[in-house]
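I have placed the structure first, in the form of structure tokens, so that the comments after it can refer back to it.
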There are 2 protein chains.
Amino acid sequence: MEHRIERIKKQLHAQSYKLTPQREATVRVLLEHEEDHLSAEDIYLLVKDKAPEIGLATVYRTLELLSELKIIDKINFGDGVSRYDLRKEGATHFHHHLVCMECGTVEEIVEDLLEDVEAIIERDWGFEVKDHRLTFHGICRNCRSSNQSK
Amino acid sequence: MEHRIERIKKQLHAQSYKLTPQREATVRVLLEHEEDHLSAEDIYLLVKDKAPEIGLATVYRTLELLSELKIIDKINFGDGVSRYDLRKEGATHFHHHLVCMECGTVEEIVEDLLEDVEAIIERDWGFEVKDHRLTFHGICRNCRSSNQSK
DNA sequence: ATTATTGCAAATTTTTTGCAGGACC
DNA sequence: GGTCCTGCAAAAAATTTGCAATAAT
């Protein structure tokens, strides 16, 4: 945990940004909720516990900064809200998501799975892939088995 | 063009919705701009040419209805706006997109490409895939070649 | 000192809702 | 007559901006 904060601090410093207390509090919330997919508002409320004087605008500004530095990714699951997701350590590509249409759970997939597809895109479309967003919508394992027993 | 309107009309009637003049005007705009990825506001402005008395709220309501019936798909490329994209005729899955980070052009990919990946998701995660969103971010063919000549 | 960063309030942007009036069986 | 649909205006939700005050180097 602490070493991840250190790493992020270095990434900021490398671009001459500072890890201010507000930014650190925000990063800590993101680390502590790595499994979740929090909105700016969600994050704001959680950060307030650590740093009650923080403003919502600062949270937005911090999230934007972290996005630019590719420390987090902004993602949208179709409700009107942007959500923010920490990149996995050392990952160059954004991970994938399985959104259950029944219970709303979001599962993460770290495996690449797109190597072949990206090769085709580069070969047949001449498009140089830098990043991707892949989300599957469907029914998760849990909902499937509870449906069956109905 | 006309037969596609007819088809959509039938799809609406099948769920006992009507293809009102406002809805038809909206669908026509979508058909005429199939290559583009218009926002609700964009669509509103274009529909006003055909049906000047239409209100923005009606456009939103129509787009929502068409989304529910899977005639169009709502998509978000990371700017703050939702965009709407007609499904290709007979397509069961949403098509993919290549977004150029340099010129902003959005290219469409109709080929499935995800069959293998979806099989893995179903097999290894027990997740029943119903639909997906796949967007690649990178540099398009055009920008790559003009970069090279610099 | 200079520059980056913050909190607050106000402004903007995008989308949704309430409701009275019309259209359509 | 009842239901679906519409336009308008107002409201709500999400995000951004301006600016004066503060913190860091």
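Just so it is clear: chains get the letters A, B, ... in the order the sequence lines come, proteins before strands, and each one is counted from 1. All values below come from the heavy atoms of this structure, side chains included, with hydrogens, waters and symmetry mates left out.
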Under 3.5 Å, is there a donor-acceptor pair linking the side chains of B:H37 and B:D42?
no
If I take atom CG in residue A:L19 and atom C1' in nucleotide D:dA23, what distance separates them, rounded to the nearest angstrom?
15 Å
Is there a side-chain contact between A:R7 and A:E89 (heavy atoms, below 4.5 Å)?
yes
Does B:T20 have a side-chain nitrogen or oxygen under 4.0 Å from the phosphate oxygens OP1 or OP2 of D:dT6?
yes
Counting only side-chain heavy atoms from C-beta out, which of D:dG7, C:dT6, D:dT15 sits nearest to B:T58?
D:dG7
Can you find a side chain N or O atom of A:Y60 that sits less than 4.0 Å from OP1 or OP2 on D:dT16?
no
Separation of atom NZ in A:K48 from atom P in C:dG7, rounded to whole Å
10 Å
Regarding B:E41, tell me which of base, sugar-phosphate or nothing describes its non-hydrogen contacts under 4.0 Å with the strands shown.
nothing
Within the pair A:S82 and D:dT15, is there a side-chain N or O less than 4.0 Å away from OP1 or OP2?
yes
What is the distance, to the nearest angstrom, from the CD atom on A:Q22 to the P atom on C:dC8?
11 Å
Distance check needed: C:dC24 C1' versus B:Y17 OH, whole Å only.
17 Å
Nearest heavy atom decides the nucleotide; on that basis, is B:L65 or A:G80 closer to the 5' end of DNA chain D?
B:L65
d(NE2, A:H13; P, C:dA4) in whole Å
14 Å
Measure from CZ on A:R83 to P on D:dA13 and round the result to the nearest Å.
15 Å
Closest to side chain of B:R61, choosing from C:dA4, C:dG7, D:dC8:
D:dC8
Quick note, B:K18 side chain, CB onward, closest among D:dT15, C:dG7, D:dC5 is D:dC5
Whole angstroms only, please: what is the NZ-P distance between B:K50 and D:dT6?
17 Å
Check whether the side chains of A:E102 and A:N142 place a donor and an acceptor atom closer than 3.5 Å, and report yes or no.
no
From the list D:dT6, C:dT5, C:dT14, which nucleotide is the closest neighbour of the side chain of A:R23?
C:dT5
Of the options C:dT17, D:dG7, D:dT15, whose atoms approach the side-chain atoms of A:V81 most closely?
D:dT15
As a test of reading the structure: which of D:dC5, D:dT15, C:dT15 is closest to the side chain of B:A40, going by heavy atoms?
C:dT15
Rounded to the nearest angstrom, tell me the gap between atom CD in B:E24 and atom P in C:dA23.
18 Å
B:H96 and B:D112: which non-hydrogen atoms are nearest, and at how many Å?
NE2-O, 2.6 Å
Which nucleotide sits closest to the side chain of A:I54: D:dA9, C:dT6, C:dG7?
C:dG7
Paired with B:D73, the salt bridge (Lys or Arg N to Asp or Glu O under 4.0 Å) test is passed by just one of B:K88, B:R133, B:R83, namely B:R133
